[in-house]
Amino acid sequence: DCNKLEGLKVKLQWARAFGTAHDRLAFGLELWKGILREHPEIKEPFGRVRGDNIYSPEFGAHSQRVLSGLDITISMLDTPDMLAAQLAHLKSQHVERNLKPEFFDIFLNHLLEVLGDHLGTNLDFTAWKDCINHIIDDIK
Ligand code: HEM
């Protein structure tokens with residue numbers, strides 16, 4: 001479970017990795033490049049936003065929507081009621097898209113990899129696993 005201390009650590013580390021990223025688009029590219037290279041079947045659900053070309057403006061805009069969505073949830077890790085409301089909203093945006101639950105686990109694993117590239121040994125792997133698992137479990 002994502003406890004209070006872990007939630008605060010994740011907030012801080014996310015601010016370091018993403019909040020100060022000079023290029024948020026590049027952060028998204030790193031993430032999706034890894035996901036879609038290893039799991040090309042995930043291009044299909046992203047057909048409308050051009051999953052076939054992650055360099056397109058359509059996919060770039062989508063990528064920013066997802067990362068901003070993640071940014072919102074992480075900012076709520078210390079306000080559980082608001083987090084629950086936001087996660088219910090995100091779930092409603094995903095539920096009819098017929099996504100496999102394992103897609104979310106793949107997303108989590110790749111997110112941890114990109115964060116590790118940015119934060120090195122400052123990444124609290126356990127805190128991230130616990131807190132992002134909580135977020136992802138409530139969306140999938
Ligand atoms: C923490 C994880 C995630 C967050 C915060 C997130 C957030 C979002 C947001 C904010 C949107 C835009 C909703 C809208 O404007 O209608 C979206 C759309 C979408 N997401 Fe996610 N997402 C997450 C994970 C995933 C995963 C793992 C998948 C599947 C691999 C996925 C598949 C989609 C699809 C297919 C769309 C719709 C694309 C379109 O516009 O056609 N999401 N997501």
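One-based numbering, in listed order, for ligands and for the atoms of each.
Short contacts between ligand 1 and Ile42, defined as distances under 4.0 Å to a heavy atom of the residue, involve ligand atoms 30 (C). In summary, the atoms of ligand 1 found under 4.0 Å from a heavy atom of Val49, numbered by their order in the structure, are 39 (C), 40 (O), 41 (O). The distance from ligand 1 to the heavy atoms of Pro45 drops below 4.0 Å at these ligand atoms: 35 (C).
Nearest protein heavy-atom contact of atom 34 (C) of ligand 1 is Phe46 CE2, 3.4 Å. With respect to atom 5 (C) of ligand 1, the closest heavy atom belonging to the protein is Leu70 N, 3.5 Å. With respect to atom 2 (C) of ligand 1, the closest heavy atom belonging to the protein is Phe107 CE2, 3.5 Å. The nearest protein atom to atom 40 (O) of ligand 1, hydrogens excluded, is given as Arg48 NH2, 2.6 Å; this is a heavy-atom distance.
Atom CG of Leu29 is separated from atom CZ of Phe27 by 11.5 Å, given to the nearest 0.5 angstrom. If you take CG on Leu99 and NZ on Lys140, they are separated by 11.5 Å, rounding to the nearest 0.5 Å.
Panel note: side chain Ser68, backbone Arg65; no donor-acceptor pair is recorded below 3.5 Å. No side-chain donor-acceptor contact under 3.5 Å links Glu58 to the backbone of Arg48. Side chain of Asn53 to main chain of Tyr55: a donor-acceptor pair is present (N/O by atom type, distance under 3.5 Å, no hydrogens or angles).
Enclosure of atom CD in Glu41 by more than 12 non-hydrogen atoms of other residues, nucleotides or ligands within 6.0 angstrom is indicated.
Using cut-offs of 30° and 60° on the angle between ring planes, the pair Trp32 and Phe107 is tilted. Ring-plane geometry between Phe46 and His62 is classed as tilted, the angle between the planes lying from 30 to 60 degrees on a 0 to 90 degree scale.
Within a 4.0 Å radius of atom 14 (C) of ligand 1, the protein has at least one heavy atom.
Glu38 is linked by a side chain to side chain contact (heavy atoms under 4.5 Å, CB included) to His110, counting only residues two or more places apart in sequence or in another chain. Residues satisfying the side chain to side chain contact (heavy atoms under 4.5 Å, CB included) criterion with Leu112, sequence neighbours excluded, are Leu108, Phe125, Trp128, Lys129.
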Could you pull out every donor-acceptor pair under 3.5 Å between side chains of residues 73-82 and any protein atom, sequence neighbours left out?
{"residue": "Thr73", "atom": "OG1", "partner": "Leu70", "partner atom": "O", "Å": "2.8"}
{"residue": "Ser75", "atom": "OG", "partner": "Ile72", "partner atom": "O", "Å": "2.6"}
{"residue": "Asp78", "atom": "OD1", "partner": "Lys11", "partner atom": "NZ", "Å": "3.2"}
{"residue": "Asp78", "atom": "OD2", "partner": "Lys11", "partner atom": "NZ", "Å": "3.3"}
{"residue": "Thr79", "atom": "OG1", "partner": "Met76", "partner atom": "O", "Å": "3.3"}

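For atom 21 (Fe) of ligand 1, the nearby protein N/O/S atoms, meaning those under 2.8 Å, are His94 NE2.
Not a single N or O atom of His62, backbone or side chain, sits closer than 3.5 Å to an N or O atom of ligand 1.
Of the listed options Phe104, Phe103, Phe59, Phe104 places a heavy atom closest to atom 26 (C) of ligand 1.
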